[in-house]
Amino acid sequence: MTSELTHQGISFDDQPLGFNTLSIHLGNGVDAETGAIRRPITLANAYALPYDPSDINWSSSDVNLYTRNGHPNQRYLEAKLAKLEDTEDAVVLASGVAALSATFTTVLNRGDHAVFSDTTYIAAYRLLNQILPEKYGIETSIVDTSDPDNIAAAIRPNTRLVHIETPANPTLKVTDIEAAARIAHDAGALLSVDNTFNSPFNVRPADLGADIVIESLTKYINGHGDALGGAIATRKEITDQIRFTYQVNYGGIISPFNAWLINRGSVTLPLRMRQHNASALAIAEHLETLPQVRFVAYPGLESHPHHDVAVRQLARPDAGFGGVLAFGLDTDHDGHNRFVSKLNVITSAVSLGHDESLIVFLGEDDERQYLYPEEFHRGFFRLAVGLEDVDDLIRDIDHALAEAGI
Ligand SMILES: *Cc1c(COP(=O)(O)O)cnc(C)c1O
């Protein structure tokens, strides 16, 4: 089964295989040398050259040559992710931020213009708001993409890329991917979507018209909080350019060990996502009932301003809205910190998509506060709900509120 799936595709008897089956079998296969039904980690830096190596292109990425040019563990993971995202190809790099910068530097040239979401991962903001304009002469516009009219209004004759993050980190704003794709394509631009908060289990942007899908593999796809990686799932024409330029010449390759770990973690992606989705919704609903809670932002709540769009974008009947939510307490700066200090199960740390629940307090002096909705201005938490018993998580929150005197 494994080798047939890997080598021949994603269906048999003309019936497509389900997401669970694909998550388990793609990217694995029988090791030709030992017959092991788990692929090994190949840690070599270099590969044997042919008799006459003089006509090799030392920048090529499609032969085993040198590990920065591409390696087997990277390629197994890429083949799997392309199928899970429903794209022609995927390229896997050292981190989610490497995937973002590879996309921007590959698609955009000096004098081009890009429109991007006003809430994004901080590195996307830094790259598009500052580094690319100042160092490389790229024009950018930052807009609230949760209203597609704002994207349309920002388009210029030289717009080449619309980049959205949905749900956005950390405000959980949702953007309509189909509407954004239509506007981008009418303008002759590409749409890239940072899908990290959803993972391909919940939403598949390529099926909704996105040209480029970016994932921080560090989060849900690896799922165990022990390896960084990033992926760009798109057409082969674009992945080829990214490999040739960004991977080989800028050097953003993923290590074989991390590629192997992420491949292994991704086997349980659908199981884990169902639990993250269910637990986050239960916690969001519980928080909404508490008088000490000023607001809760979670796309699965009917109170979320873009709930209908979030529902419409779901990739399958058992999909949900991810494991991340934001909320604020009716207390001051120190009250928020006191609450975190009283938590016993939930850990105070950045990142998300891990097995354990993580919380971070983003205070009222965060440099991007002016871009956040009003209710975020007094400081708020980003809570990444993990896989613990949800009753324990709710008990932990209630207990910490009482202990902190809020
Ligand atoms: C974490 C994150 C990234 C960056 O990924 P790294 O693997 O940490 O480089 C990008 N986008 C989103 C939405 C993220 O949450």
Side-chain angles (χ1 to χ4, degrees), residues 74 77 81 85 90-105 116-129 131 145-146 163-175 177 192-203 205 210 212-233 242 246-247 250-255 257-259 261-263 265-266 269 273 276 280 297-299 310 313 321-326 349-354 357-360 362 366 368 371-372 381-386:
Q74 177 197 27
L77 181 57
L81 292 173
E85 300 282 1
V91 55
V92 166
L93 299 169
S95 67
V97 167
L100 287 165
S101 60
T103 301
F104 302 152
T105 55
F116 70 107
S117 297
D118 63 355
T119 321
T120 60
Y121 191 72
I122 184 79
Y125 170 78
R126 279 264 192 275
L127 282 164
L128 290 171
N129 202 49
I131 298 170
T145 57
S146 67
H163 175 73
I164 62 173
E165 185 172 305
T166 176
N169 185 357
T171 58
L172 281 301
K173 278 189 193 174
V174 172
T175 297
I177 298 168
S192 60
V193 179
D194 186 331
N195 195 48
T196 299
F197 270 35
N198 280 320
S199 89
F201 179 77
N202 284 335
V203 176
I212 299 169
V213 184
I214 294 163
E215 304 275 359
S216 167
L217 304 173
T218 311
K219 314 292 172 53
Y220 290 112
I221 293 178
N222 178 47
H224 294 74
D226 52 12
L228 297 189
I232 303 144
I242 290 172
Y246 191 89
Q247 175 179 307
Y250 285 76
I253 190 79
I254 192 169
S255 77
F257 186 54
N258 279 8
L261 276 174
I262 293 166
N263 209 344
S266 67
L269 175 67
M273 282 321 296
H276 285 295
Y298 183 65
Q313 296 191 150
F321 306 94
V324 185
L325 52 94
V350 296
S351 203
L352 55 108
H354 294 196
S357 294
L358 302 172
I359 194 165
V360 54
L362 293 155
D366 187 282
R368 290 187 298 166
L371 295 167
Y372 297 158
F381 298 114
R382 185 188 67 192
L383 173 61
V385 177

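Remember, it's a predicted structure, so these values are computed and weren't measured experimentally. Counting convention: from 1, in listed order, for ligands and their atoms alike.
Residue, atom and distance of the protein heavy atom nearest to atom 5 (O) of ligand 1 are Ser216 OG, 2.9 Å. Atom 7 (O) of ligand 1 has its closest protein heavy atom at Thr218 OG1, 2.6 Å. In this structure, atom 9 (O) of ligand 1 lies nearest to the protein heavy atom Val97 N, 2.9 Å. Nearest protein neighbour of atom 2 (C) of ligand 1, counting heavy atoms only, is Lys219 NZ, 2.4 Å. Annotation: atom 4 (C) of ligand 1 to nearest protein heavy atom, Tyr121 CE2, 3.5 Å. Nearest protein heavy-atom neighbour of atom 6 (P) of ligand 1: Gly96 N, 3.3 Å.
Considering both main-chain and side-chain atoms, Leu228 never comes within under 3.5 Å of ligand 1 through any nitrogen or oxygen pair. For a threshold of 3.5 Å applied to N or O pairs, the pair formed by Glu165 and ligand 1 contains no separation below that value.
Between the side chains of Thr171 and Thr119, a donor-acceptor pair is found at a separation under 3.5 Å.
Checked by atom type and distance alone, the side chain of Tyr220 pairs as donor or acceptor with a backbone atom of Gly323 at under 3.5 Å. Counting only distance, with no hydrogens or angles, the side chain of Ser357 and the backbone of Gly386 share a donor-acceptor pair below 3.5 Å.
Rounding to the nearest 0.5 angstrom, the gap separating the CG atom in Leu100 from the OH atom in Tyr121 is 9.0 Å.
Scanning for ring pair (Phe, Tyr, Trp, His ring centres under 6.0 Å) contacts around Phe257 gives an empty result, with sequence neighbours left out. Annotation: side chain to side chain donor-acceptor pair (under 3.5 Å) contacts of Gln247 (sequence neighbours excluded): Gln74.
At a 4.0 Å cut-off, not a single heavy atom of Ser351 sits close enough to ligand 1 to count as contact.
Around atom 11 (N) of ligand 1, the closest heavy atom drawn from Ile122, Thr196, Asp194 belongs to Asp194.
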